[in-house]
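Structure record follows, encoded as structure tokens.
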Amino acid sequence: MTIQLFDTMAGAARELAPLEPGHVRVYSCGPTVYGPAHIGNFRSFLFDDLLVRYLRYRGFKVTWVMNVTDVDDRIIKGARAEATTIGELSGRYRKMLVSDMQTLGITMPDFMPKATENIPQMVELIQKLLDGGHAYKTDDGSIFFRIASWPEYGRLARLDPEGMKVGERIEADNYGKDDVRDFALWKGPKPDEPSWETSIGPGRPGWHIECSAMSMRYLGPSFDIHTGGVDLVFPHHTDEIAQSEAATGQRFVAYWLHNAFLQMGGQKMAKSLGNIERVGDIIDRGISPRALRLALISAHYRMALSFGEDSLQAASSAVDRLDALFAALATYRCDCADDATLAGLLDGTNAAFETALDDDLNISPALAALFDLVRELNRRVDARVLSTADARRAAAFIRDLDRVLGIAPTAEAALEPDLQEMLDERAAARAARDWAGSDQLRVALAARGVLVEDSRDGQRWRRAD
RNA sequence: GGCGACGUACCCAAGUGGUUAAGGGGGAGGUCUGCAAAACCUCUAUUCGGCGGUUCGAUCCCGCCCGUCGCCUCCA
């Protein structure tokens, strides 16, 4: 079975066939670090993470690049407001970004380049476009891409280039353009704005050029997958394609993948709409990071996903269910024969899981396969038809699937000595039928974040997180 | 106005031209249990926005209508 991915350019799912067999090169449009990212942004990064995790799970080598935009209008404005530098401001929020990514279990990209550290690469690209007649300079030192020089312009977004001439708005900033549709590759210097001295003149980069320059730097002029939110289809990715392909003469990207928005209150989550939530705030409310992660990946990436208190609660409960199973499997002891049908059960689950994800990362049936297995394993634990080794095997199997999902509890570390002592005392109390003492210790352990449950195999415990 | 998508139970959310419409959450009842928790069992959409059409048969295909959302401007 092969992996199908929905390519925006084709408007259809296409079989993944990397340019270099066995090695997939992925570029994800990362955030502009002008402030703390919200969970809508993280839905995108979690989609990227799921994609990369699954490709690796399926045996591909993956080189993953996610850019961080650290110079733009909002950063400049923010730095000015705080009387600090764009480097200080963007550095601060970049740290917060990485911290939130770690909280959510997002794999660290192989490269997270900053725009400001790739100015020479951008300049080189812009020079090529100037040389090729695809770009021109205006009086203020800005350089624009000439859309009229690129007939393919707008194909990704299915835009009619002629139609764009009607009803467009002219930014006061951008006087001097030959055509209002032309976009900035390079912005001429202005007082109070950071500026770089370069061979194409002083100024700072336009928005789109950084992604072309950085993706090509790390992945080559032509690579496999480029991801981003649907809002980036136009103009960002449209412009990236034009400038990249005009400069290199090669196809820029083989598969364009776009994720839908996270919604809250029936609208997309957006800072401008004021309906945002941040990772830190949600964790501070006592929601576990894994529950938040599950809530944000639980629907297909191209479908709008509703977020709210209900979805967080549902995800929390689902994660608890998984945790309880792991605790039960870890505690389970049965000196009985191996379950002859376990291997078949696991194989079936594995097949359903991969079939689902192979189909454009269709996560819902994949999760259904996992939770079907959870129920079946609970049944077998209750019925005591598994051997002790079976229980280990089952847990290991789920951990293997979890390389993709990232929602299982971390392998249980031993309890702190004092907590273990309480647990032992409680076992003794129970043996002595000292229910009052036993209940008291259970409450005390819960207060320390350890949930204790009694089972036929003795006490089970799991972290509350 | 142009382009794109969506509308499935109380909530979230899969899915298929035809035997029981996934899964998670929630709710009701039950089993187990010193208690608690967990788990398991049963029930919770004769129905898939509405109206037509194609078909032996449509939730799934086509058309229209209604509703919602997104992009067309910074945006994940």
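Every chain is numbered from 1, with letters handed out A, B, ... down the list of sequences.
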Check every strand shown and say whether [X] touches a base, only sugar-phosphate, or nothing at a heavy-atom separation below 4.0 Å.
X: A:Asn259; value: base
X: A:Asn378; value: sugar-phosphate
X: A:Gly308; value: nothing
X: A:Arg74; value: sugar-phosphate
X: A:Ser438; value: base
X: A:Arg321; value: sugar-phosphate

B:rA13 OP1/OP2 closer than 4.0 Å to side-chain N/O of A:Ser306
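For A:Ser306, the contact criterion (side-chain N or O under 4.0 Å from OP1 or OP2 of B:rA13) is met.
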On the side chain of A:Asp72, is there an atom forming a donor-acceptor pair with the base of B:rC74 - under 3.5 Å, no angle test?
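Not at all, since no donor on one side and acceptor on the other fall under 3.5 Å apart.
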Quick one: the side chain of A:Arg43 and the base of B:rA76, do they pair up donor-acceptor inside 3.5 Å?
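When only heavy-atom distances are counted, A:Arg43 does not reach the base of B:rA76 through any donor-acceptor pair under 3.5 Å.
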Indicate whether A:Phe371 forms a stack on B:rG23; treat it as stacked only if centroid distance is below 5.5 angstrom and interplanar angle below 30 degrees.
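Here the ring of A:Phe371 and the base of B:rG23 are not stacked, as the 5.5 Å and 30° limits are not both satisfied.
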Rounded to whole Å, how long is the line connecting atom CG of A:Leu232 with atom P of B:rC3?
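My rounded result for the distance is 22 Å.
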Taking the cut-offs as 6.0 angstrom to the six-membered ring centre and 45 degrees off its axis, would you call A:Arg302 and A:Phe6 a cation-pi pair?
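Yes.
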